[in-house]
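Beneath this line is the structure, given in structure tokens, with notes to follow.
Computed from a predicted structure; not experimentally measured. Within every chain, numbering begins at 1; the chains are lettered A, B, ... in the order of the sequence lines, protein sequences first and strands thereafter.
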Number of protein chains: 2
Amino acid sequence: MSNSKNIEDFAEIFKALSNANRLTIFLRLASCCRPGTVSLFDEENSAYVGELGEELGVVKSTVSHHIKELRRVGLIRTERRGQKIACWVDPDILAALKEFLSF
Amino acid sequence: MSNSKNIEDFAEIFKALSNANRLTIFLRLASCCRPGTVSLFDEENSAYVGELGEELGVVKSTVSHHIKELRRVGLIRTERRGQKIACWVDPDILAALKEFLSF
DNA sequence: TTTACTATTCGACATATATCGAATTATATG
DNA sequence: CATATAATTCGATATATGTCGAATAGTAAA
């Protein structure tokens with residue numbers, strides 16, 4: 001099935017989490033978008049690219065690059081909503097990750 | 001307490017698992033040395049540096065480098081037993097890792 | 001259609017990393 | 001002590017990565 005992952009897939013996932021800024025972004029996204037739920041980046045729950053960058057002290061292009069990487073390995077999913085980007089943590093991959101570490 | 005970890009610590013841990021060869025080494029070690037139990041690298045359960053290298057197709061020095069990295073971030077612990085190296089997965093850090101991904 | 005705001009892409013660069021082979025160190029045994 | 005075996009360290013190198021700033025693209029609203 002298309003969901004099965006091998007060693008290299010997991011290595012890529014870990015790599016996506018191996019940078020402190022990227023890991024912070026991931027946790028921030030996870031905190032505002034519970035796995036399985038799609039949260040908009042609205043006023044109360046703002047976490048769009050620009051703001052994430054300000055918090056971290058990196059420019060927008062870098063944040064965009066990191067988000068792209070998180071999405072590439074499947075950790076998060078994103079969708080444009082107007083000018084901003086909605087995102088959520090993929091619940092399946094989180095489960096797969098925990099399963100992977102269960103030995 | 002000395003066990004508490006911050007974002008950067010976890011990023012380092014993920015980085016240690018982000019290389020396919022290193023991840024393979026870690027899983028191989030985990031499979032022969034259950035967390036919390038210290039297993040020697042004896043004949044039946046051989047996983048010392050040289051053999052790990054042969055399996056992966058990398059030279060000893062590279063394996064040694066990877067093991068050093070896994071140890072540095074605390075994922076595994078090692079101890080010399082004669083000419084060979086005993087190792088085991090640190091159960092605490094595994095638990096911390098799973099806890100970290102529980103949100 | 002302008003203008004404003006947001007996100008992405010692109011090119012550049014400095015730094016980090018994976019890997020190898022040679023040299024060295026550690027341990028055991030003849 | 002000399003030899004053999006195992007692991008580490010060291011120096012070199014090619015590749016990957018994180019970051020920035022400028023340019024571009026997408027969306028909304030005046």
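Following rounding to the nearest Å, B:K60 (NZ) and C:dA22 (C1') show an atom-to-atom distance of 11 Å. The CG-P distance, from B:L56 to C:dC20, rounds to 10 Å in whole Å. Between A:F14 atom CZ and D:dT17 atom P the separation is 17 Å, expressed in whole Å. One interatomic measurement links the two molecules: CD of B:E54 to P of C:dT19, which rounds to 17 Å at whole-angstrom precision. To the nearest angstrom, P of D:dT19 lies 13 Å from CG of A:L52. C:dA7 atom P lies 8 Å from atom CD1 of A:I67, rounded to whole Å. One can place NE2 of B:H65 at 15 Å from P of D:dG11, the figure rounded to the nearest angstrom. Separating the CD1 atom of B:I25 from the P atom of D:dA7 is a distance of 12 Å, rounded to the nearest angstrom.
Contact check for B:E79 versus B:W88: side-chain heavy atoms found under the 4.5 Å cut-off.
The side chain of A:N21 sits closest to D:dT19 out of D:dT9, C:dA7, D:dT19. Comparing C:dG21, C:dT6, D:dA7 by their closest approach to the side chain of B:K84 singles out D:dA7. Among the nucleotides C:dA18, D:dT17, C:dC20, the one closest to any side-chain atom of B:V59 is C:dC20. Set against C:dT19, D:dC20, C:dT8, the side chain of A:R71 has C:dT8 as its closest nucleotide. Checking D:dG18, C:dT8, C:dC20 against the side-chain heavy atoms of A:H66 singles out D:dG18 as nearest.
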Check against side-chain contact (heavy atoms from CB on, under 4.5 Å), A:L75 and A:L94: CA-CA 7 Å; A:L75 280 167; A:L94 252 192; 5.6 Å; no
Are any protein N/O atoms closer than 3.5 Å to N/O atoms in nucleotides 25-30 of chain C? If there are, list each pair with its distance.
from	atom 1	to	atom 2	distance (Å)
C:dT27	O2	B:Q83	NE2	3.1

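Panel note: side chain A:T24, backbone A:A20; a donor-acceptor pair is recorded below 3.5 Å. In this structure, A:S18 contributes its side chain and A:K15 its backbone to a donor-acceptor pair below 3.5 Å.
The shortest heavy-atom contact between B:V73 and B:A16 is CG2-CB, 3.6 Å.
Taking side-chain N and O atoms only, B:K68 has a distance below 4.0 Å to OP1 or OP2 of D:dT9. Dashed line: the shortest gap from a side-chain N or O of B:S64 to OP1 or OP2 of D:dT8 is under 4.0 Å.
The distance from the CD1 atom of B:I76 to the CD1 atom of B:I93 is 10.5 Å, given to the nearest 0.5 Å.
Mapping A:E12 and A:G57 onto DNA chain D via the closest heavy atom, the residue that lands nearer the 5' end is A:E12. Nucleotides of DNA chain D nearest to A:S61 and A:E69 differ in position, and the one nearer the 5' end is that of A:E69.
Checked for salt-bridge contact, A:E69 and A:R71 miss the test: no charged N lies under 4.0 Å from a carboxylate O.
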